[in-house]
Amino acid sequence: MPEGPELHLASCYINRVCAGLIFSGKVEKSKVSKNPEVPFESDEYLISATSRGKEIKLALMPLKEEENMHPSRGRDKAGQSQNGPQQPMDLVFRFGMSGSFKLTPEDELPKHAHLRFYTKESPRQALCFTDFRRFGRWEVHGTWQLDRGPCVILEYEKFRENVLRNLSDKAFNRPICEALLNQKFFNGIGNYLRAEILHRLKIPPFEKARTVLEALQHRKQSPGLTLSKKVKLKRENPDLLELCHLLPLEVIRLGRKGYDPERSGNNAAFEKWLRCYSIPGTKSLRDSNGRTIWFQGEPGPMAPKGKKSRKRSPKVNADPEALGPKVKKLASKRSLKASTTQEKEPKSSGRKKGKELFPGPENTKTNGARKPKVRSRRKVSANQESPKSEAPAAGGKRQALAQRSTGAATAARRSRRVKAE
DNA sequence: CGTCCACGTCTAC
DNA sequence: TAGACCTGGACGG
């Protein structure tokens, strides 16, 4: 779920489905999650949410003061003092690569539901924080992370100022595509948004950020024009920072049809919205953090050297109907591998990040553009299992090897993995 | 079956 | 600036 728009949509979802719902009892954490327990208990409480960039804050609000912590309810094991009523509590979440919220019936808890809030009335429901990769985090009594900048969606003016007033920051020594992922300045922008933003303006991703942004410091005047013309011009030609706000808004307008792998194969609206990210026919490179940047045209002066950007091979059996300028039909299955930048040396074992070795000159013929096989594979429906059946990934000492592990190590890791989240 | 890839941080050298 | 942290889909053999 997780760039700014998805976080924002999640907060809207929570506020919508939890409106009027009364929650009760304790907050349950799955065993496998390494995130902190949430020491909150109340007979009756409300849940509401707000978002800021790539964070979301849940407010747990007890309805009435007395009730909870009633001494007779023996809720003070472990020496918890039976101090007064439960106080309100804020929880701040980051979603990692796969976090999301979902309200479900109590007896149909989704897989990977790592934090659960139960309704009071039966049939009971649970608001669940799900996160299959478990990169997501939450903090008890959380506050917005200090070094994250203003939200590109909800605090646009502050966001803009924060960037333009700090152009001397070393963050802007980086290529623009990397600066855009810096949450200190671009809180809410992630990998698909940066590609789409740069692509709309045809800005080479590896142009220096400061160079790109300095040009925005003083909006260009067009003295001859009437006010309404200026307004129109501005509206029709948003600059980079405006797009950091407007493109997330576009995704938000798609609503639940936005980026949501839960319904893979059903992401037509979002895929149609994308013009660059992971699109057949666009190029890609790894940035210095190992993240794939998708683009068209020139990579720009700070592009990693020795790398060649490869085009993703265009979709083969294009619907003739769809060839209109606007409606380029996307391959329904995007093969990410097809487009990758570099040829892979046949089997160098270690190949992480942007650090591939460059074995000699590009060998254009063998390489790259493999055809994305649009093989539609039947999706095995992942059934709900009890979240309790989740088991720790690799018991104790966790996979110490690099991700790019050898086959043997991988096999070992797999076999060690207990099968049953 | 094995390999590579994914909407993101974190923290340890 | 590399890994670590995770699961699982897609693809190749």
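In what follows, chains carry the letters A, B, and so on, assigned in the order in which the sequence lines appear, proteins first and then strands, with residues in each chain numbered from 1.
In this structure, A:Phe132 and A:His112 have tilted ring planes: the angle between them lies in the 30° to 60° band. Ring geometry for A:Phe40 versus A:Tyr45: interplanar angle over 60°, hence perpendicular rather than tilted (30 to 60°).
Atoms CG (A:Asp131) and P (B:dT9) sit 13 Å apart, rounded to a whole Å. Rounded to an integer number of Å, the gap from A:Leu181 CG to C:dT1 P is 15 Å. The distance from atom CD of A:Glu178 to atom C1' of B:dT9 is 15 Å, rounded to the nearest whole Å. For A:Lys170 and C:dT1, the NZ to P distance is 10 Å, given to the nearest whole Å. Atom C1' of nucleotide B:dG8 and atom CG of A:Asp147 are separated by 14 Å, given to the nearest angstrom. The separation between A:Arg194 atom CZ and B:dT9 atom C1' is 14 Å, rounded to whole Å. Protein atom CD of A:Glu196 is 13 Å distant from nucleotide atom P of B:dC7, rounded to whole Å. Atom P of nucleotide C:dG3 and atom CZ of A:Phe135 are separated by 16 Å, given to the nearest angstrom.
Between A:Gln183 and B:dG8 there is no side-chain polar atom (N or O) within less than 4.0 angstrom of OP1 or OP2. OP1 or OP2 of C:dG8 has at least one side-chain nitrogen or oxygen of A:Lys111 nearer than 4.0 Å. Distances shorter than 4.0 Å separate none of the side-chain N or O atoms of A:Gln145 from OP1 or OP2 on B:dT9. A:His112 has no side-chain polar atom (N or O) that falls below the 4.0 Å cut-off from OP1 or OP2 of C:dC6. Considering only side-chain N and O atoms, A:Thr292 lies nowhere under 4.0 angstrom from the phosphate OP1 or OP2 of B:dC5. For A:Lys54, a side-chain nitrogen or oxygen approaches OP1 or OP2 of B:dT9 to under 4.0 Å. One finds a side-chain N or O of A:Arg148 lying less than 4.0 angstrom from the OP1 or OP2 phosphate oxygen of B:dT9.
If you take atom P in B:dC5 and the same atom in C:dG3, they sit 16 Å apart, rounded to whole Å. Between B:dC13 and C:dC5, the distance separating the two P atoms is 12 Å to the nearest Å. Atom P of B:dA12 sits at a distance of 14 Å from the matching atom of C:dC6, rounded to the whole Å. When the C1' atom is used for both B:dT9 and C:dG9, the distance is 22 Å, rounded to whole Å.
For A:Asp90, the side chain to side chain contact (heavy atoms under 4.5 Å, CB included) partners two or more places apart in sequence, or in a different chain, are A:Lys57, A:Ala59. Every residue two or more places apart in sequence or in another chain was checked for a side chain to side chain donor-acceptor pair (under 3.5 Å) with A:Gln125, and none qualifies. In this structure, the ring-ring contact (aromatic ring centres under 6.0 Å, His included) partners of A:Phe186, at least two apart in sequence or on a different chain, are A:Phe159. Annotation: side chain to side chain donor-acceptor pair (under 3.5 Å) contacts of A:Asn162 (sequence neighbours excluded): A:Asn166.
The base of C:dC6 has none of its N or O atoms less than 3.5 Å from a complementary donor or acceptor on the side chain of A:Arg134.
Picking from C:dG8, B:dC10, B:dC7 the nucleotide with the shortest atom distance to the side chain of A:Arg94 gives B:dC10. For A:Arg133, taking side-chain heavy atoms from C-beta onward, the closest of the listed nucleotides B:dT9, C:dC6, B:dG8 is C:dC6. Closest to the side chain of A:Met97, out of B:dA6, C:dT7, B:dT9, is B:dA6. In the set C:dG8, B:dC5, C:dC5, B:dC5 carries the atom at the smallest distance from any side-chain atom of A:Arg286. Listed nucleotides: B:dC7, B:dG8, B:dA6. Nearest to the side chain of A:Tyr192: B:dC7.
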For nucleotides 11-13 of chain B, tabulate all protein N/O to nucleotide N/O atom pairs closer than 3.5 Å, reporting atom names and distance.
none

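Interatomic distance, CZ of A:Arg275 versus NE2 of A:His199, reported as 7.0 Å (0.5 Å rounding). A:Ile153 CD1 to A:Cys244 SG: the interatomic distance, rounded to the nearest 0.5 Å, is 11.0 Å.
Centre separation under 5.5 Å together with a plane angle under 30° does not hold for the ring of A:Phe132 and the six-membered base ring of C:dG8, so they are not marked as stacked.
With contacts defined as side-chain heavy-atom distances shorter than 4.5 Å, the pair A:Leu91/A:Phe117 qualifies.
Remark: A:Lys184 engages A:Asp169 in a salt bridge, criterion side-chain N to carboxylate O under 4.0 Å.
Between A:Phe270 and A:Tyr192, the ring center distance clears the sub-6.0 Å criterion.
Counting only Watson-Crick or G-U wobble pairs whose defining distances are both under 3.5 Å, the stems of 3 or more consecutive pairs in DNA chain B are B:1-6 with C:7-12, B:8-12 with C:1-5.
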